[in-house]
Amino acid sequence: MHIENINPLAAAKLSKKHILGIEGMPIPEITSLIERANYFAEKPKDTFSDILADHTVLNIFFENSTRTKVSFELAAKRLGASVVNISISGSSVKKGETLIDTATTLNAMQPDILVIRHHSSGAPLLLSQHVDAAVINAGDGRHEHPTQALLDALTIKRSLGRIAGLKIAICGDINNSRVARSNMYLLSALGADVRFVSPSTLVSPFFSDMGIPVYTNMEQGIAGCEIVMILRLQTERMEGKEAPSQHEYFQLFGLDSCKLQKAARNALIMHPGPMNRGVEIDSKIADDNNKSLIRTQVELGVATRMACLEAVAGVKL
Amino acid sequence: MLRSSGWGKTLNRTLLKNGRIICPSENLDIIGDLIIEKDKIAYVGKEQPQSNVADTIIECNGCIIMPGAIDMRVQSADPGTEHLESLSDLLSAAGNAGITQLVSLPATSPVVDSAVMIDSLRLRASGCKGALFHLYGAMTQALDNKNMAELGMMAKAGAVGFANSLKSVEDSLLMRRIMTYSKMLNKPVIHHCADPYLSNEADMNESETAIRLGLHGVPSIAETIILERDLNLVALTGCRYHAAHVSTASSVEALRRAKNKGLQVTADTSPAYFLLNDKAAGDYDTAFRLDPPLRDEKDRLAIIEAIKDGTIDVIASDHHPIEMDKKMLPFGQAASGAAGVETLLPLAFSLYFTSDMSLSKIINALSVAPAKAISLTIPRLAKGEQANITIINLSSSSVIRGANFISQSQITPFEHYLIDSKIVGCFVNGVSMTN
């Protein structure tokens, strides 16, 4: 995974102004973001407070979030930036303003970086076309969540020392997951053997056409996998809609010790959070620090977002 | 003719002597003998010269020996209205009528929509003498046609497929999800097709008879519209699909096209739709109130052709016990449905006499085809196979009388109907079921 010309001592260099998704991102850029994040993770947290000292970061969250919003806020503050958080409840969107109007208004205040989460797929791209600031996608609808995939890759790399060649099962509501899509692009690009495991109603057969094997049997899907990544399920999808019930989902697709035995010995568990305990994952596994990387994922989220903020701040086009 | 050692007693060796043995799955049609030893078939072939090969001999001269009939469409009244027909009565009546296995629909009270219901009914059936019992699980919770039921749990508990009630799943997205999920579980979806808007308040088929009687009619395309939608969803999802009690010429056309395209589609019909037409309801006799309703004569003829050419795979009874007080009402207020298990075989074999249909075709539609549609073991008359066998005499004329049924469910649209065949023997895992 070490590629020539990657220097973790300097900001990752991006060829584009924004980080809107992993799809199409050149592998050296992905790798340098991860390496730089790894570098940040290893240093004391107050070491870099001058990097974005003269920058303003706006966190615009059109959808509820705790961990991602706090993670971006901490990342920006650790780099010395001024941070303003805007949440949907306080925004003018409620008063009928369109996304483009909001973008124009915000642009007039000359922020340097906009971090946006939006419930509509493609909203960050639309916003990026109407502002001067760099835009980082903090999750858009069912499309992408690039910083989550980057922090997941960093977590795997730091835990197992590599990504290439690993068998990684991403399990759960694939159709509705931006995390699944970003990880599909990123982990495959870095040489992992990625597969999806999901009830047939929650995973489109088109994913197979895109080259990702799809399993509708949990035991078969996670067999021999070194990483089992469990995705969050929206419980309202499981009341007779995409799945019959939470009870049946847990029986067939919830990760418990019995099913986990099919995975590789010492397989590690990941989850982007927030978890539905007893629905997609058994608490015993989620809380087992020998198996679960869930807390590490959250921890490394800040360093990863520092690398991303620094990288887009440095792009001069 | 029958010299058995008694009703229900396990026989060590029983010789079915000198019958016409027809087995579509073995491509067999011979005059010969069949020996049952305990629960298995020990011999099938030419006539045995010695008569001491068995302790019980059943003379089958002039009778057909066929693989045990399977009735894949039966609504049990138990639980819910078991006073009308208990599970035990149903299985016993079916066994006596030559049916070795039956599949029960989920519209009981409570509805069969959970693994617990499947477990409990299978356990009860295992203690009953008679036909072997299988179950469909409900597609939706309490058959609400809104929320998918726990199909995975029911499949694990032994549901052979998933069915709805006599109301079609109207929501195409829900139907897509049910099909997609059923495909994952490798179970078929069995659907009663009727457009809910076109069939709303309908009393009978839309026809001159309906106009004359002043009853609300439903056009035959109400069935086809939902069937066509389903067939498109089958093409999308790859699900195994079975169209229940097909009754119209246009549905037959739709099925034919789907089968030609190679879709995994099967279909059944029941005797009412190939022996009767909507004119039978001409004097408001509520025994003829069925769902789907009796159709036009051209529909009836199309159904016969469809059985002949295999477009309709299965003949099932569509047995549906109805309380007498729900039939003793004006036609428009009466409940739909009628008894069927005790008349299924003689009525199916009437196609041999009236429509020039081959015995092999009829036997296939009553045994092999239903087994294939819902993935039961394919019935075979061959050495080593389970001894599930039906024996029918094709030269015994009688008249159907509901009052003679074993079951208390005695309302039939075939009251006084002349039949030319009679069940003379039925073995379920080697045990004789006939009185």
Side-chain angles (χ1 to χ4, degrees), chain A residues 142 169-177 195-209 212-223 231 233-256 258-259 262 276 278-280 282, chain B residues 106 111-119 136-159 161-165 169-189 233-241 264:
Chain A
R142 317 197 311 169
I170 302 177
C171 313
D173 182 357
I174 306 295
N175 277 352
N176 297 299
S177 175
R195 76 270 309 275
F196 287 151
V197 182
S198 172
S200 51
T201 38
L202 290 168
V203 60
S204 164
F206 287 113
F207 283 114
S208 305
D209 300 343
I212 305 294
V214 169
Y215 291 81
T216 55
N217 176 294
M218 184 81 169
E219 281 89 347
Q220 289 168 12
I222 67 173
L231 301 175
L233 271 124
Q234 287 178 17
T235 49
E236 61 271 21
R237 294 193 192 285
M238 283 178 293
E239 303 302 336
K241 301 295 184 277
E242 277 102 325
S245 64
Q246 296 186 28
H247 165 249
E248 176 156 321
Y249 188 87
F250 187 63
Q251 294 295 319
L252 300 183
F253 291 96
L255 187 66
D256 54 20
C258 183
K259 295 192 191 85
K262 302 285 178 188
N276 293 306
V279 178
E280 71 252 7
D282 187 356
Chain B
V111 168
V112 179
D113 64 354
S114 66
V116 173
M117 282 297 292
I118 303 252
D119 285 338
Y136 299 117
M139 289 179 190
T140 54
Q141 297 169 18
L143 291 168
D144 67 358
N145 281 354
K146 292 194 174 89
N147 300 293
M148 197 198 303
E150 289 191 338
L151 308 187
M153 296 293 97
M154 290 193 281
K156 276 193 170 183
F162 306 109
N164 65 331
S165 64
V169 173
E170 178 190 341
D171 178 340
S172 303
L173 174 60
L174 174 62
M175 194 61 181
R176 178 192 183 171
R177 285 174 176 160
I178 290 169
M179 286 189 182
T180 304
Y181 207 81
S182 300
K183 175 174 168 56
M184 172 177 83
L185 301 169
N186 194 24
K187 298 285 176 196
V189 164
L233 287 173
V234 170
L236 180 68
T237 61
C239 160
R240 280 164 58 206
Y241 177 85
Q264 291 195 73

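As a basis for the values below, the full set of heavy atoms in this structure was taken, side chains included, without hydrogen atoms, waters or symmetry mates.
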Residues B:M184, A:T201; criterion side-chain contact (heavy atoms from CB on, under 4.5 Å); working and verdict: CA-CA 9 Å; B:M184 172 177 83; A:T201 38; over 6 Å; no
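Of the possible polar contacts, none joining the B:T180 side chain to the A:S200 backbone as a donor-acceptor pair under 3.5 Å is found.
The residue among B:M153, B:K146, B:Q141 with the most heavy atom pairs within less than 4.5 Å of chain A is B:M153.
Going from atom NZ of A:K241 over to atom CG of B:L173 covers 9.5 Å, rounded to the nearest 0.5 Å. Note that CD of A:E242 is 4.0 Å distant from CZ of B:R177, once rounded to the nearest 0.5 Å.
Smallest separation of non-hydrogen atoms from A:P244 and B:L151: CG-N, 4.0 Å.
Under a cut-off of 6.0 angstrom, the local environment of CZ in B:R176 is sparse, with at most 12 non-hydrogen atoms contributed by other residues, nucleotides or ligands.
At a 4.5 Å heavy-atom cutoff, A:Y215 makes no contact with chain B through either its backbone or its side chain.
In this structure, B:K183 and A:T216 have side chains that are not in contact, with every pair of non-hydrogen atoms separated by 4.5 Å or more.
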